[in-house]
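Just so you know, these numbers come straight off a predicted model, no measurement behind them. In what follows, chains are A, B, ... by sequence order, proteins preceding strands, each numbered from 1.
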2 protein chains.
Amino acid sequence: MPKNCNFIEKLRDVGLRPTKQRVKMCEVLFNREKTFHFTINELVKMISEQMNQKISLATVYNTVHAFEKKGYLKEISIDSHRSYFDTNTSSHHHFFDEDTHQLIDIDKNDIDTINLKKNISGKKINSIEVLVRVASDNQNQK
Amino acid sequence: MPKNCNFIEKLRDVGLRPTKQRVKMCEVLFNREKTFHFTINELVKMISEQMNQKISLATVYNTVHAFEKKGYLKEISIDSHRSYFDTNTSSHHHFFDEDTHQLIDIDKNDIDTINLKKNISGKKINSIEVLVRVASDNQNQK
DNA sequence: ATACACATTATAATAATTCTAAACTATTGA
DNA sequence: TCAATAGTTTAGAATTATTATAATGTGTAT
Ligand SMILES: [Mn+2]
Ligand SMILES: [Mn+2]
Ligand SMILES: [Zn+2]
Ligand SMILES: [Zn+2]
């Protein structure tokens with residue numbers, strides 16, 4: 001149980017009770033090599049596949065938003081028809097593949113720092129993020 | 001009727017019949033000095049204020065999406081809880097004011113061209129857009 | 001063990017958007 | 001001109017994503 005212990009501590013740190021649903025969500029979300037992007041429906045599927053029990057959709061929504069509020073998840077607006085979340089909560093840039101509807105992180109080394117010359121007076125900048133929309137190149141295809 | 005004639009021609013060019021609802025929408029959307037950003041609900045309010053007749057919400061949705069498909073409007077995803085549209089259909093960058101929920105164009109001169117060093121293979125870039133989220137600076141305020 | 005606060009759940013409610021099908025209108029060409 | 005036709009508007013129903021409710025269940029501290 002070493003992994004789950006970490007999640008239990010993590011949840012406690014944040015003031016959330018480590019229920020079995022939340023620990024399972026932590027496993028699905030955070031027990032992996034790399035960060036990833038997901039929609040609520042994709043997440044529900046992943047959790048269902050890894051649990052014998054059923055998890056309520058309301059719990060998934062509530063817990064995702066709890067994690068978001070505590071800074072463990074970040075919501076990314078890309079497509080008005082679906083909500084994307086990111087387990088990488090740092091400020092970073094994305095490709096959005098319009099064919100597959102996949103979000104992909106842009107490597108920090110592959111893009112220069114954005115240089116804003118003017119800001120709106122009386123406002124502070126919370127984030128500067130770039131979205132690069134891509135689609136398959138059908139140039140040589142009938 | 002010089003202004004409306006333009007809109008009638010514009011609609012015809014695009015293959016849309018110039019009904020009085022569509023001409024009114026054109027006036028609200030395009031008969032102005034500067035481009036602007038709106039949500040569907042804001043647009044419905046604007047149209048209602050300028051018409052004695054009532055316009056159906058379905059017509060506003062359908063017509064906005066028809067204009068979008070024909071390239072006269074652009075949808076901008078900023079906030080998963082509401083859809084923004086832009087009468088400036090060129091590729092450009094935005095401030096989003098998280099206090100007022102207003103979208104504001106960034107002047108081309110105030111930001112350097114984004115330089116991407118690597119793209120995803122087999123994909124072409126459709127757009128590169130920057131979103132700068134700002135909020136009031138309460139630093140010196142209790 | 002007990003009590004309490006907090007969490008989960010099924011279900012209902014809400015809100016945004018899209019669908020439907022009947023009534024209406026712009027266009028065309030006889 | 002004026003019907004025929006294709007396209008449009010409309011009210012209201014349907015759908016979808018999300019949030020609220022309130023009864024039941026669970027984690028935690030004593
Ligand atoms: Mn949200
Ligand atoms: Mn749309
Ligand atoms: Zn990311
Ligand atoms: Zn704009």
Side-chain angles (χ1 to χ4, degrees), chain A residues 1 4-5 7-28 38-45 47-48 50-70 72-73 75-85 101, chain B residues 1 4-5 7-28 38-45 47-48 50-70 72-73 75-85 101:
Chain A
M1 71 176 63
N4 287 4
C5 272
F7 295 136
I8 289 170
E9 283 168 30
K10 184 174 186 166
L11 288 164
R12 285 237 174 78
D13 275 352
V14 159
L16 295 175
R17 281 189 181 172
T19 63
K20 62 180 177 306
Q21 289 87 349
R22 282 179 179 160
V23 171
K24 172 56 70 182
M25 283 190 65
C26 281
E27 285 174 32
V28 172
F38 62 92
T39 65
I40 294 283
N41 285 339
E42 287 165 356
L43 180 59
V44 169
K45 266 182 215 149
I47 295 171
S48 302
Q50 297 196 24
M51 271 212 304
N52 29 6
Q53 282 179 288
K54 194 183 151 63
I55 190 170
S56 138
L57 188 59
T59 297
V60 177
Y61 272 103
N62 291 338
T63 308
V64 162
H65 283 123
F67 282 141
E68 186 190 3
K69 191 189 292 186
K70 296 295 182 176
Y72 282 85
L73 290 175
E75 190 167 8
I76 312 257
S77 273
I78 294 296
D79 175 333
S80 66
H81 302 288
R82 63 187 91 208
S83 278
Y84 289 87
F85 291 87
H101 293 170
Chain B
M1 69 174 66
N4 287 4
C5 271
F7 294 137
I8 288 169
E9 284 169 28
K10 182 173 185 167
L11 287 164
R12 284 238 173 76
D13 276 352
V14 158
L16 295 174
R17 282 190 182 170
T19 62
K20 61 182 178 305
Q21 290 86 350
R22 282 178 177 158
V23 172
K24 175 53 72 181
M25 280 189 67
C26 281
E27 285 174 32
V28 172
F38 62 92
T39 63
I40 294 282
N41 283 339
E42 287 166 357
L43 180 59
V44 170
K45 263 182 218 150
I47 296 170
S48 301
Q50 297 196 25
M51 270 211 306
N52 30 5
Q53 282 178 287
K54 194 183 150 66
I55 190 169
S56 137
L57 187 58
T59 296
V60 177
Y61 272 103
N62 292 339
T63 308
V64 162
H65 283 124
F67 283 141
E68 185 190 3
K69 192 191 289 184
K70 299 293 183 178
Y72 282 83
L73 289 176
E75 189 167 9
I76 312 256
S77 274
I78 294 295
D79 175 331
S80 65
H81 302 290
R82 64 186 91 207
S83 279
Y84 289 86
F85 291 87
H101 293 171

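For A/K70, the side-chain contact (heavy atoms from CB on, under 4.5 Å) partners two or more places apart in sequence, or in a different chain, are A/V14, A/Y72. Here B/Y61 pairs with B/I40, B/L57, B/H65 under the side-chain contact (heavy atoms from CB on, under 4.5 Å) rule; sequence neighbours left out. In this structure A/F38 satisfies the ring-ring contact (aromatic ring centres under 6.0 Å, His included) test together with A/F36, A/F85, sequence neighbours excluded. For A/S56, the side-chain contact (heavy atoms from CB on, under 4.5 Å) partners two or more places apart in sequence, or in a different chain, are A/A58, A/T59. The side-chain contact (heavy atoms from CB on, under 4.5 Å) test applied to B/T19 returns B/R17, B/Q21, B/R22, not counting sequence neighbours.
Taking atom CD1 on B/I40 and atom P on C/dT17, their separation rounds to 7 Å, with Å as the unit. One interatomic measurement links the two molecules: CD of A/E75 to C1' of D/dA17, which rounds to 12 Å at whole-angstrom precision. At whole-Å resolution of the value, CZ in B/R12 and C1' in D/dT8 are 14 Å apart. At whole-Å resolution of the value, CG in B/L11 and C1' in D/dG7 are 13 Å apart. Between the CZ atom of A/F38 and the C1' atom of D/dA17 there is a distance of 16 Å, given to the nearest Å. Per the geometry, NE2 belonging to B/H81 stands 8 Å off P belonging to D/dT18, to the nearest Å. For the pair B/R82 CZ and C/dT14 P, the interatomic distance rounds to 20 Å; values are reported in whole Å. Taking atom CD1 of residue B/I8 and atom C1' of nucleotide C/dT25, one finds them 14 Å apart after rounding to whole Å.
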Margin query: If you apply the rule side-chain contact (heavy atoms from CB on, under 4.5 Å), what do you find for A/K24 with A/Q53, and how did you get there?
Written below: CA-CA 11 Å; A/K24 172 56 70 182; A/Q53 282 179 288; over 6 Å; no
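Across its full length, the helix from C/dA1-D/dT30 to C/dA30-D/dT1 shows an angle of 20° between the axes of its 5 terminal pairs at either end, rounded to 10 degrees.
Under a 4.0 Å N-O distance rule, the pair B/E9/B/R12 does not qualify as a salt bridge. Using a cutoff of 4.0 Å between basic side-chain nitrogens and carboxylate oxygens, B/E42 and B/K45 are not scored as salt-bridged.
Using a 4.0 Å cut-off, no side-chain N or O of A/Y61 falls inside it from OP1 or OP2 of D/dT19. A/H65 has a side-chain polar atom (N or O) that falls below the 4.0 Å cut-off from OP1 or OP2 of D/dT19.
In terms of modelled atom types and a separation under 3.5 Å, the side chain of B/S80 and the main chain of A/S77 share no donor-acceptor contact.
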Protein-nucleotides 7-10 of chain C N/O pairs under 3.5 Å:
residue: C/dA7; atom: OP1; partner: A/R22; partner atom: NH1; Å: 2.7
residue: C/dA7; atom: OP1; partner: A/R22; partner atom: NH2; Å: 3.3
residue: C/dT8; atom: OP1; partner: A/T19; partner atom: OG1; Å: 2.6
residue: C/dT8; atom: O3'; partner: A/Q21; partner atom: NE2; Å: 2.8
residue: C/dT9; atom: OP1; partner: A/Q21; partner atom: NE2; Å: 3.2
residue: C/dT9; atom: OP1; partner: A/K54; partner atom: O; Å: 3.3
residue: C/dT9; atom: OP2; partner: A/S56; partner atom: N; Å: 3.0
residue: C/dT9; atom: OP2; partner: A/T59; partner atom: OG1; Å: 3.0

